[in-house]
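Note on naming: letters A, B, ... go to the chains in the order of the sequence lines (proteins, then strands), and numbering restarts at 1 for each one.
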Amino acid sequence: MANASPQQGFWGDLRHDMPAAIGLCVILLIVLAAVFAPLLAPYDPAAQSLIKRLAPPVWMTRGSWDHVLGTDNLGRDVLSRVIWGARVTLLIGAATCLIAATLGTLVGLWAGYRGGRTDSVLMRLVDIQISFPGILLILLVVGVIGPGVGTLIGVLAITNWMVYARLVRGIVSSTRQTAHVEAAEIVGCRPSRVIFRHILPNLVSPLLTLLILEFTNIVLAEAAVSFLGFGVQPPQTSWGLDVASGRDYLFIAWWLVTFPGLAIVATVLSINLFAGWLRVTTDPEEREKRFARSLAARRRRAVRKGANT
Amino acid sequence: MPDFILRRLFQGLLVVLGVTATVFVVTRVFGDPVSLMLPLSATDAQRAAFAAQIGLDQPLPVQFWRFLTDIVTLDFGDSLWQRRPAIEVVFERLPNTALLVGAGLGLAVLVSIPLGAIAALRPGGLVDRLVVSLGLLGLAMPQFWLGLMAIMVFAVQLKWLPTSGFGTAAHLVLPALTLAMTPIARFTMMVRAAMIDELNKPYVQTARAKGMSLPRILRVHTLRNILVPFLALSGWEAITALSGYTVVVETVFAWPGLGLTAVQAIQRGDLFLMQAIVFVIAALIVIIGIAIDVAAKSIDPRIELN
Amino acid sequence: MSALLKIEDLAVVFDTRAGTVEALRGVSLSLGRGETLGIVGESGSGKSVTAQAVMGLIDVPGRIAGGSISWDGQALVQDGAQQHPSGIWGKEVTMVFQSPMTSLNPLMTIGAQLEEVIRKHLGLGRAAARDHAAEMLAAVGISGARRRLDQYPHEFSGGMRQRVMIAMAIACEPKLLIADEPTTALDVTIQAQILELLAGLQERLGLSIILITHDLGIVAGLCHRVAVMYAGQIVETGSVDDIFDRPAHPYTQGLIRSTPRLDEPEDRLTAIEGTPPGLLHPPEGCAFRTRCPIARDDCRAPQALRPFGAGFVACTQPGVDAWGDGK
């Protein structure tokens, strides 16, 4: 146990935490679905069939294996649409996070490294923009410019870069005061070298954690904006959009709203489960606390069992 | 104290100015208000007249100055949709949104503090794991979906509550619960984590050594210490609720508040009404921020408000 | 002298991911009425854990693994099981912690924190509790007591906060006060004042005191009896005079050699070489043998405390001058 390699420790640890392990599996499943959507989806997600309208899922009396999760009001296969929806959702989420993180990291690096006036101006900008009325402003922008995947990614990125800037700036200004960075500056390392060699390595782990958590926020925001009709537009598919179009059939076809929504829940939940576990596992102190907690809980259960028998 | 409030007001002014600049750039530089607001059938003469009426024929700096002065005097123009001053529409709908947000967040505060505290008593125990699981689930559920599910179960199937609309207390239940879900989850997780941290602090050892019971320590000692971060988070949630949750929840439940009005305004190309909504919400956000800081100061005497 | 506090064969362990750390390994102690006992040892030797066990403060990841603690005939720990008697902790047995800066609740007034314990244990009303709280502050030498009741901890200096802690500890006429490194975090001049205060209180109130410290100088000034701890065990106990004049255990001898003494100015100070053993897998037998200059083969066998002179020592060769320079 004490000699186990970090790799073994990682997987061994994950096996002990069932929710996190399941979360990882679901994430992989969703990613696979997104990548191989054309191969996996039984139907073209846009293919309409008026004679097969509003077919219920397979386990209901009128359901059939032709459409496992039923069909919508235009006879489109719900399962296929959910699979294709993963593609759009992950694409928008990944692109947005990447752009926002890059922008935020650059601003944060600049502010943290330059310090002084640059720092206070940039951080004031961050403060101000964080107080902007989020979704409302997005609606205004989309309403004026016109909806679309590109607009959505751009707008979400521009309203989400600030968290990264704050994080990076905080870490940079604290690592700048550590001995090895001061030493590097004293011996005359160029700023770019100091940033890349000495500061960036300290950023990787916290940035990654933030990126994962922000990804879920983007997924939820994209779904909400698409639901309101200002995000992804038909004929493209998006889980939020599908919930919106299923809304009119809420009384007669519950599956139209339920399954795309469940896809969102599954995505966000499994990412959060895995991210929570990852955060604890990469932090030795948290790891120790988690161990003590589970041990104490096990002991209490044992005591209770002993008291019952 | 007044000094601090002035400073915060100044910062709030910057926020409003920032919002103004953003809205201006988006609507006047990227967008074209004329084609957005007038019907496709409008003649060129009508378009030119409308452009002149809202000052689009002036150079951009002049336009911006007019834009700014109009805002200061709360003159956002007439709503095209409602055919009356946009600000009037906003003030008419604002109380409904305030009611919804107040009910939702109030419920969230009442539920989450005891829930988080109970979970923190035995970290890793059965209750704790249940609370954490529910919290994670709550954070994963989009509100528009949760709202529709709630309508399906409680209004359509069980017929306990109305599906949507406004008027009686029964109409408030589902929207408020839906809006409360995310804040409840976030507050509970925060209270739990903060309580666990606080319970490991030396002053808790002191309280225990004094013979104080654990419930009393939670209620009197640690609660006070998590209240400041809790306030900060609830301010944040209030902002998110005003500028995000309400849009979705009001749309799902046809609740006649600012969020629904915003969606309708955009759908109808009613730019003036939308601008009025954005500014009023931005101003509210600033006010909430100041109120939260003042409240934090009254709880924690160590906070310097400079 | 009838024992007020009796600790028998107490074992406390801490569960960590790396394994079980044995923090206390069979500690036995007793304390009489009005007696002051010093517990000395390096950090990690188990002094603070002993105090926490007496106060019922052992919590996850720690747990009591065996032994008993009884207070005035009432069980606090019985055969390794934590008991929860009421009206002892905070009233009859109280504790002052090491760090006065963090041991008070930063968001409650001093008055509220004092009144809380007074109202709970003495059953006084609000006004009476406040009067009593002011008296207590005055008793520990805080002037303007009434006014200071409404102040918050951050308005007090470190020494003043420690006085507040002491005021809380003596507020309900305790019989035993445990002071865990009460002066470590304070300036030297303040240290002396706090110790003086403790000594004065003991005389006035007839308190028993357990003073936990790594500073032998403090023990010499204040205590009647001393217990020396090493690696989770008591290696020697005896009266202060005996311990200082005729230390019997090599570790005690080493400790005294490494403590500056005003009365012998020309002495060179000598540290004990090496480090204490890890308690994850504590060695069989005497834990000090790895650092002991006179260790023998039979030191590998477990050593119990045995009478030697007027005290007790756990050593194969008690009283031998281990360090060979007669100090």
Side-chain angles (χ1 to χ4, degrees), chain A residues 19 124-125 127-146 216 219-221 223-225 227-230 239-240 243-244 246-247 250-251 254 257-258 260-262 264-273 276 289-290 292-298 300-301, chain B residues 11-12 14-15 17-19 22-23 26-27 30-33 36 122-126 128-129 133 136-137 139-146 148-149 151-152 156 163 196 239-240 242-245 247-248 251-252 258-259 262-263 265-267 269 271 274-275 277-278 281-282 284-286 289:
Chain A
R124 176 57 64 86
L125 190 74
D127 283 344
I128 289 173
Q129 216 200 315
I130 278 182
S131 313
F132 272 25
I135 295 254
L136 274 180
L137 214 55
I138 293 178
L139 292 194
L140 179 76
V141 173
V142 174
V144 170
I145 298 179
T216 62
V219 168
L220 288 172
V225 175
F227 169 79
L228 293 170
F230 298 97
W239 293 332
V243 172
R247 194 184 157 193
L250 195 60
F251 303 92
W254 56 268
V257 164
T258 308
L262 279 180
I264 301 172
V265 175
T267 307
V268 175
L269 185 61
S270 41
I271 292 176
N272 279 342
L273 283 174
K289 278 188 208 157
R290 180 175 65 186
R293 267 174 218 164
S294 70
L295 201 71
R298 226 178 301 151
R300 277 195 303 270
R301 275 197 293 280
Chain B
Q11 199 183 339
L14 285 182
V15 170
L17 204 67
V19 174
T22 310
V23 169
V26 165
T27 55
F30 289 123
D32 173 18
L36 198 71
R122 293 207 166 145
L126 204 64
D128 180 44
R129 283 187 299 171
S133 309
L136 284 172
L137 195 65
L139 287 177
M141 284 193 286
Q143 285 179 324
F144 60 86
W145 182 73
L146 183 71
L148 290 174
M149 290 290 121
I151 290 177
M152 215 152 72
V156 179
T163 51
I196 290 174
I239 291 171
T240 320
L242 278 175
S243 61
Y245 301 160
V247 180
V248 168
T251 304
V252 168
L258 280 185
V263 172
I266 286 290
Q267 280 165 350
L271 199 56
M274 187 61 189
Q275 284 173 3
I277 295 173
V278 168
I281 296 289
L284 274 179
I285 289 175
V286 170

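Inter-residue side-chain proximity for A/L140 and B/V23 is flagged as met; some heavy-atom pair is nearer than 4.5 Å. The side-chain heavy atoms of B/F144 and A/L228, taken from C-beta on, include no pair separated by under 4.5 Å. In this structure, B/Q267 and A/F230 have side chains that are in contact, with non-hydrogen atoms separated by less than 4.5 Å.
B/L148 contributes atom CG, which lies 14.5 Å from atom CH2 of A/W254 (distance to the nearest 0.5 angstrom). Taken to the nearest 0.5 Å, the CD atom of B/Q11 stands 7.0 Å off from the CD1 atom of A/I128. Taking CZ from A/F227 and OG1 from B/T251, the interatomic distance works out to 6.5 Å, rounded to the nearest 0.5 Å. Within the model, atoms CG of A/L137 and CE of B/M274 stand 7.5 Å from one another, a figure rounded to the nearest 0.5 Å.
Interface remark: B/L284 contributes no atoms to any contact with chain A (heavy atom separation under 4.5 Å). Residue B/L14 touches chain A through both its backbone and its side chain, counting heavy-atom pairs closer than 4.5 Å. For A/L262, the parts lying under 4.5 angstrom from a heavy atom of chain B are both the backbone and the side chain. Only the side chain of B/M149 comes within contact range of chain A, with at least one heavy atom under 4.5 Å from a heavy atom of that chain. Heavy atoms closer than 4.5 Å to chain B are found nowhere in A/I138, neither backbone nor side chain. Heavy-atom distances place the side chain of A/I145, and not its backbone, under 4.5 Å from chain B. If you measure heavy-atom distances from B/V263 to chain A, the contacts under 4.5 Å come from both the backbone and the side chain. Contacts between B/T22 and chain A at a heavy-atom distance below 4.5 Å involve the side chain alone, from C-beta outward. With a 4.5 Å cut-off on non-hydrogen atoms, A/T267 does not touch chain B at all.
The residue among A/S270, A/A224, A/G229 with the most heavy atom pairs within less than 4.5 Å of chain B is A/A224.
Listed by chain and residue number, B/T182 satisfy the side-chain hydrogen bond (donor to acceptor under 3.5 Å, both in side chains) test with B/Q143 (two or more places apart in sequence, or in another chain).
Of the listed residues (B/L242, B/V15, B/V19), just one forms a side chain to side chain contact (heavy atoms under 4.5 Å, CB included) with A/P133, and that residue is B/V19.
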